[in-house]
Amino acid sequence: MGGCSLGDSQVMAVVNRSIALIDCNNFYVSCERVFDPSLKRKPIIILSNNDGCVIARSQEVKDFGIKMGVPWFKVQKLARYYKIIVFSSNYTLYADMSNRVMKIISEFASNQEVYSIDESFLDLTGFNHLNLTDYSQNIRSTVNRLVGMPVCVGVGSSKTLAKLANHIAKKCSLFDGVCNLNEITRNTLDVLFSEIKVGEVWGVGRRTEEKLAKLGVTTVFDLKQSSPQALRKQFSILMERTVRELNGEFCIPLEKSNPPKKQLVCSRGFGNPVSSLSELSEAIIMYTTRVAEKLRRQRSMTATVYIFIQTNPFKKKDQQYNPGCLIHLASPTNDTRILIRAVLVGLKSIYKPGFKYKKAGVMLEGLLPFNQAQKSLFDDKGSQAYSENLMQAIDTINKTMGSGTIKFLGEGLEKQWEAKAERKTRCYTTRINEIPVAYC
DNA sequence: ATCACGGTTTGCA
DNA sequence: CTAACGTGCAAACCGTGAT
């Protein structure tokens, strides 16, 4: 905090924060467009895993009124009518593009929180001598020039306001991609906020919006004028914070970008329903392998594994059966082989023939840092070291030669159950054999 | 009363 | 021809039994 050099002065100036939220426009769609510019200005849809739901849409598709998250089969005809171009999601490509974008953004401030695959907060407090609107325009053009990714920037004195500002920047072309709420007058702000539905506020979901409506709170302005104390009683501490943040109070600090996860999951629906124990085992082994890789990447150990299998809840006529099984391991591990042994025992205990299973998953809970993992009394130091070296070697080979180069026994090669991805583009940036010839 | 706990709900991207 | 509906987190909330 500047201006505090008056020695014994206890009065600290309350610095008005400047938080920016940089959010990519139609992120998945924009990733595809970077590698095929002919897709620009064309209507594009990206499908979720298993080609199940619509999870990203270009502006043209939003204008057609196709909603986020709708099952693909419900809009397939409409999509054909509008000549919409459809892709399966290519997470490898999107993750790599995200890393590039975040790296560039990180150069614009010392404190960055990567909030999601396409969003990042920056703390621009202390940059107030600059024109932050210009500075934000600079961020936009730099990201666009270096990786071809269009982004919008919202600036406010709290994370909640930065989010809201970003929403405004995206909706009103008047703002030219940057909305800085800190340089808008109080009266204009009130008008602006009374035109935005309260559901747009970060932390207010569908249920909370309904509940707020019953109290007569329907716009952002209404929520901003509400009493934080009163709302805390009816909702929770989160709602109190949200109201305070709307009024410019900085309550929710920026967090570390990659805190180790407390829980790791790998779950997936099947391309075709599965009934046999052998096929379920293959799927569960593959998910266990993936989740164990995540575990080692964040240098953690786990003492429990939870597995589940599920029938299709949308098929009301089918008999439903959704069992799960929590397994406590003798001592914390990150060894894929130990985890596989455990989950197979668990799977056998819950499996029943005669059901059409649609989805399965593996979950690791109560994770602890590798160096804190309490080794069990009878643990043999030699086998511990062997296990660590083996896993490290496998991870390195799979990382450099391509994931799946080394597999664990039982994952299967046929994989009849594997999810559908019939319209996937190439991994342009991460797989040498998928780079288009023209780029070589 | 209060706590720890586990399962459920909510929200987010 | 028909049927076809994601994944991965965190945290609050809430009922329960134990103390």
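Since the structure is predicted, the reported quantities are computational estimates derived from the model, not experimental observations. Naming: A, B, ... by sequence-line order, numbering from 1 per chain.
Residue Gln76(A) is in base contact, counting any heavy-atom pair closer than 4.0 Å across all strands shown. Looking at heavy-atom distances under 4.0 Å, Phe235(A) makes contact with sugar-phosphate atoms alone, never a base. When heavy atoms are screened at a 4.0 angstrom cut-off, Leu238(A) is found touching the sugar-phosphate backbone but no base atom. Within the nucleic acid shown, Trp72(A) has no heavy atom closer than 4.0 Å to any nucleic acid atom. Within the nucleic acid shown, Val54(A) has no heavy atom closer than 4.0 Å to any nucleic acid atom. Counting any heavy atom pair closer than 4.0 Å across all strands shown, Lys315(A) reaches sugar-phosphate atoms only and no base atom. Among the protein residues, Asp118(A) comes within range of the sugar-phosphate backbone only, with heavy atoms under 4.0 Å from sugar or phosphate atoms but none that close to a base. Residue contacts for Val70(A): at a heavy-atom cut-off of 4.0 Å it reaches no nucleic acid atom on any strand shown. Among the atoms of the strands shown, none is found under 4.0 Å from any heavy atom of Lys420(A).
Rounded to whole angstrom, the span from the CD atom of Glu119(A) across to the P atom of dC9(C) amounts to 17 Å. Taking atom CZ of Phe270(A) as the reference point, atom P of dA4(C) lies 17 Å away to the nearest angstrom. Rounded to whole angstrom, the span from the NZ atom of Lys233(A) across to the P atom of dA12(C) amounts to 19 Å. Rounded to whole angstrom, the span from the CZ atom of Phe308(A) across to the P atom of dG7(B) amounts to 14 Å. Look at CE on Met68(A): it is 11 Å from C1' on dC12(B), rounded to the nearest Å. The separation between Asn25(A) atom CG and dA13(B) atom P is 15 Å, rounded to whole Å. In this structure, Leu367(A) atom CG and dG8(C) atom P are separated by 15 Å, rounded to whole Å. Rounding to whole angstrom units, CD1 of residue Ile117(A) and C1' of dG6(C) are separated by 14 Å.
By the neighbour-count criterion of 12 heavy atoms within 6.0 Å, atom NZ of Lys356(A) is sparsely surrounded, having that number or fewer from other residues, nucleotides or ligands.
Picking from dT7(C), dA13(B), dC9(C) the nucleotide with the shortest atom distance to the side chain of Trp202(A) gives dA13(B). In this structure, the nucleotide among dC9(C), dA13(B), dC5(C) sitting nearest to the side chain of Leu264(A) is dC9(C). Comparing dC5(C), dC9(C), dA13(B) against the side chain of Lys261(A) picks out dC9(C) as the nearest. For Asn312(A), whose side chain is taken as the heavy atoms from C-beta onward, the closest listed nucleotide among dA4(C), dA13(B), dC5(C) is dC5(C). The Ile237(A) side chain lies nearest to dA12(C) when the options are dA12(C), dG6(C), dA10(C).
OP1 or OP2 of dG8(C) lies within a sub-4.0 Å distance of a side-chain N or O belonging to Ser267(A). Taking side-chain N and O atoms only, Lys163(A) has no distance below 4.0 Å to OP1 or OP2 of dC12(B). One finds a side-chain N or O of Lys359(A) lying less than 4.0 angstrom from the OP1 or OP2 phosphate oxygen of dT7(C). Note on Lys262(A): a side-chain N or O is less than 4.0 Å away from OP1 or OP2 of dA11(C). For Ser236(A) and dC13(C), the shortest distance from a side-chain N or O to OP1 or OP2 is below 4.0 Å. Side-chain nitrogen and oxygen atoms of Lys358(A) include at least one within less than 4.0 Å of the OP1 or OP2 phosphate oxygen of dG6(C). Note on Arg206(A): every side-chain N or O is 4.0 Å or more away from OP1 and OP2 of dC12(B).
For Phe270(A) and Tyr357(A), the ring centers are positioned 6.0 Å apart or more.
We find the NZ-CG distance between Lys358(A) and Asn312(A) to be 5.5 Å, quoted to the nearest 0.5 Å. Atom OG1 of Thr425(A) and atom CG of Asn90(A) lie 4.0 Å apart (nearest 0.5 Å). The CG atom of Leu339(A) sits 7.0 Å away from atom OG1 of Thr302(A), with the distance rounded to the nearest 0.5 Å.
The existence of a salt bridge linking Glu210(A) and Lys214(A) is excluded, since no basic side-chain nitrogen approaches an acidic carboxylate oxygen closer than 4.0 Å.
A donor atom on one side chain and an acceptor atom on the other are found under 3.5 Å apart for Thr311(A) and Gln320(A).
The 5' end of DNA chain C is approached more closely, in terms of each residue's nearest nucleotide, by Gly269(A) than by the other of Pro260(A) and Gly269(A).
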